[in-house]
Amino acid sequence: MATLLPRRALLKTAGTATAALAAVALSLTGCSTGPATSAPASSAAASAAFPVTIKHVFGETTIESQPQRVVTVSWVNDDVALALGVVPVGVPKNEWGGNDKGSTPWKDAKLEELGAGFGTAKAPVQFSEADGINFTEIAKLNPDVILGAYSGLTEEDYKKLSEIAPVVAHPEIAYGTSWQDSTNIIGKALGKEAEATKLVSDTEATIKDKVSKYPQLADKSFIYGNLEPAKSDGVNVYTANDNRPRFLSEIGLKLAPVVEDNSKGSKEFFIPWSAEKANELESDIFVTWVPDAATTDSIKADPLLGQIPAIKSGALVADSDNTLTLSISASSPLSLPWSLDTFLPQLASAADKVNGAVK
C-alpha cells in the first residue's frame with residue numbers, strides 16, 4: 001500500500017477503496033439491528049416528494065418512500081445526513097483522521113445536538129471499511145437506502161449493495177463529488193431538498209464570511225499535492241477534479257496553470273510529476289500534508305523538491321493534523337466550518353510571503 005493519503009483523504013492509495021494514509025483507511029460494532037433515525041416521521045410534504053429517481057454513474061436509483069433506516073458508506077455522506085437532521089442507523093468508522101470514538105469533532109458535535117452521541121442508545125452503529133465495503137454489517141442493519149453520493153463504489157460494489165437496499169452512488173467521478181452536489185443529492189434521497197438547498201447556501205455564506213477576513217488570499221495561485229522526500233515517488237499533484245483544489249478555487253485562489261495545462265481532459269484526481277521537474281511547479285502557494293515537522297524540513301532540504309518555487313519562497317503550507325486534512329479533503333457542510341479557523345490562517349501566512357509581502 002502506498003504511503004500516501006487515501007483517495008478520499010489526501011491522495012493515492014491506488015487500488016483500495018477505503019485505504020488510509022500510511023496504513024489502512026477506513027472494528028466494527030457488532031449489532032444485528034441499528035438505532036432508528038432521529039428524524040421525525042415523514043411529513044406530508046416530504047412524503048409527497050416520493051418516489052424519487054436519482055441518476056448516478058451506474059444508472060438510476062428509485063426510492064419509493066422517504067427512508068427511515070439510512071446507512072452510509074465512504075466519507076461525507078454521514079456528515080450530510082446528520083447536517084440535514086437525519087441520524088443514520090449505520091456509518092463507517094473514521095479510522096484515519098478520526099478520534100478515539102472512530103469519529104470526528106464535527107460529527108460528534110452534531111450527534112450530540114441530535115441526541116445520538118456515540119455511546120448512547122440512539123447512536124449509529126459503526127462498521128469498518130478497512131477491507132472495503134462491509135456488505136455483511138450493512139445487511140444486518142436492514143437499511144432502506146444506502147448513501148454513497150461521495151464514494152468510489154465500483155459497479156460490483158453497487159450491484160451487491162443494491163441487493164440489500166436502493167443505493168445512491170456518486171454521479172460521475174469516484175471521490176469527485178463536490179460537497180454541494182453531495183448535499184443536494186442526499187437531500188433529494190431523504191426527502192429534504194429544500195433543507196439541502198438552504199444548508200448549501202448557509203454553509204457557503206459561513207465560508208465567505210470567514211474568508212473575507214483574509215483578503216491576501218484573493219487570486220493567489222496554488223498547487224495542492226503530495227510530496228515524498230524519502231521516496232522516489234516524486235510529486236503527485238491534485239487536479240481540478242479533486243475536492244481540495246476545488247475548495248481552494250471556491251474561496252478565491254486559482255489553480256496553477258501548470259496543473260491545468262497538464263491535466264486537461266483528465267478524469268483523474270491527481271497527476272504524477274517527476275521530482276526532476278519539481279522546479280517547473282510554479283505557483284504562489286504549495287499546500288500538502290506531512291506526517292510530522294521533520295518531513296517538512298526534509299522537503300525544504302531536498303535538492304529537487306526544495307526547488308519548487310513556492311517552497312523556495314517560504315509559501316509552503318504543510319500541516320500534520322490528520323483531522324484537519326480530513327476536514328478539507330473529504331469536505332462537508334459540517335467539516336468545513338469546523339476547519340476554517342485553523343486552515344485559513346495557515347494559507348494567509350503563506351500568501352503573505354508572496355511578491356515581497358510582509359513576512
Side-chain angles (χ1 to χ4, degrees), residues 1-7 9-14 19-23 25 96-97 214 216-217 220-239 242 244-245 247-248 253-263 269-329 339 342-359:
M1 180 175 298
T3 56
L4 301 176
L5 268 163
R7 192 163 193 163
L10 190 59
L11 182 59
K12 68 168 190 181
T13 21
L21 171 2
W96 190 91
Y214 302 96
Q216 65 267 57
L217 295 178
K220 293 294 188 296
S221 64
F222 74 90
I223 295 173
Y224 204 135
N226 187 81
L227 304 172
E228 290 283 350
K231 297 180 177 293
S232 58
D233 293 354
V235 184
N236 291 284
V237 175
Y238 301 111
T239 71
D242 187 84
R244 284 146 288 204
F247 172 69
L248 292 180
L253 287 82
K254 296 189 178 301
L255 186 61
V258 65
V259 179
E260 289 190 329
D261 293 346
N262 284 276
S263 60
F269 72 102
F270 77 97
I271 54 174
W273 193 272
S274 170
E276 282 71 21
K277 298 193 299 178
N279 63 313
E280 297 176 20
L281 290 172
E282 183 72 47
S283 68
D284 292 327
I285 299 169
F286 196 104
V287 185
T288 191
W289 174 92
V290 291
D292 49 46
T295 302
T296 302
D297 294 338
S298 297
I299 290 169
K300 294 176 179 178
D302 189 275
L304 297 177
L305 301 182
Q307 296 306 305
I308 294 174
I311 294 177
K312 289 183 69 175
S313 70
L316 172 66
V317 178
D319 194 88
S320 60
D321 184 336
N322 293 0
T323 304
L324 179 62
T325 297
L326 175 64
S327 70
I328 300 296
S329 64
S339 70
T342 300
F343 188 55
L344 289 177
Q346 294 179 0
L347 285 175
S349 178
D352 286 340
K353 297 177 182 177
V354 177
N355 298 328
V358 177
K359 299 183 179 181

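All values below were derived from every heavy atom in this structure, side-chain atoms included, with hydrogens, water molecules and symmetry-related copies excluded. Start at 1 with the first residue, then count along the sequence.
Distance alone, capped at 3.5 Å, is enough to place a donor-acceptor pair between the T323 side chain and the G97 backbone. Panel note: side chain K220, backbone Q216; a donor-acceptor pair is recorded below 3.5 Å. Formation of a donor-acceptor pair under 3.5 Å by the T288 side chain with backbone atoms of A318 is not found in this model. Here the side chain of S349 pairs no donor or acceptor atom with the backbone of P345 at under 3.5 angstrom.
Contact record, I328 with S339: CD1-OG, 3.3 Å, taken as the closest heavy-atom pair. Taking both residues in full, the closest heavy atoms of P309 and E282 are given as CG-OE1, 3.4 Å, listed atom of the first, atom of the second, then distance. Between S283 and A256, the shortest heavy-atom contact is CB-CB, 3.9 Å. When all heavy atoms of L304 and A275 are compared, the closest pair comes out as CB-O, 3.5 Å. In terms of heavy-atom proximity, D302 sits nearest to P229 at OD2-O, 3.7 Å. Heavy-atom minimum distance, A351 versus L217: CB-CD2, 4.0 Å.
A 4.5 Å side-chain heavy-atom check between L248 and F343 finds at least one atom pair inside the cut-off. Proximity of Q346 to L324: side-chain heavy atoms (C-beta onward) are separated by under 4.5 Å at one or more points. Looking only at side-chain heavy atoms (C-beta outward), I308 and L227 come within less than 4.5 Å of each other. No side-chain heavy atom of D242 sits under 4.5 Å from any side-chain heavy atom of Y224. The shortest side-chain heavy-atom distance between L347 and Y214 does not fall under the 4.5 Å cut-off. Using a 4.5 Å heavy-atom threshold, the side chains of F222 and P245 count as touching. Under the 4.5 Å side-chain criterion, counting only non-hydrogen atoms from C-beta, V258 is in contact with W273.
When each of N262, L281, N226 is tested with V237 by the rule side-chain contact (heavy atoms from CB on, under 4.5 Å), just one qualifies, namely L281.
Here the CG-OG distance, from L253 to S221, works out to 8.5 Å after rounding to the nearest 0.5 Å. Between R244 atom CZ and T239 atom OG1 the span is 9.5 Å, to the nearest 0.5 Å. To the nearest 0.5 Å, atoms CG (L316) and CD1 (I311) are separated by 5.0 Å.
With sequence neighbours excluded, the residues satisfying salt bridge (Lys or Arg N to Asp or Glu O under 4.0 Å) with K254 are D219.
No hydrogens or angles considered: nothing links the side chains of T325 and N322 as a donor-acceptor pair under 3.5 Å.
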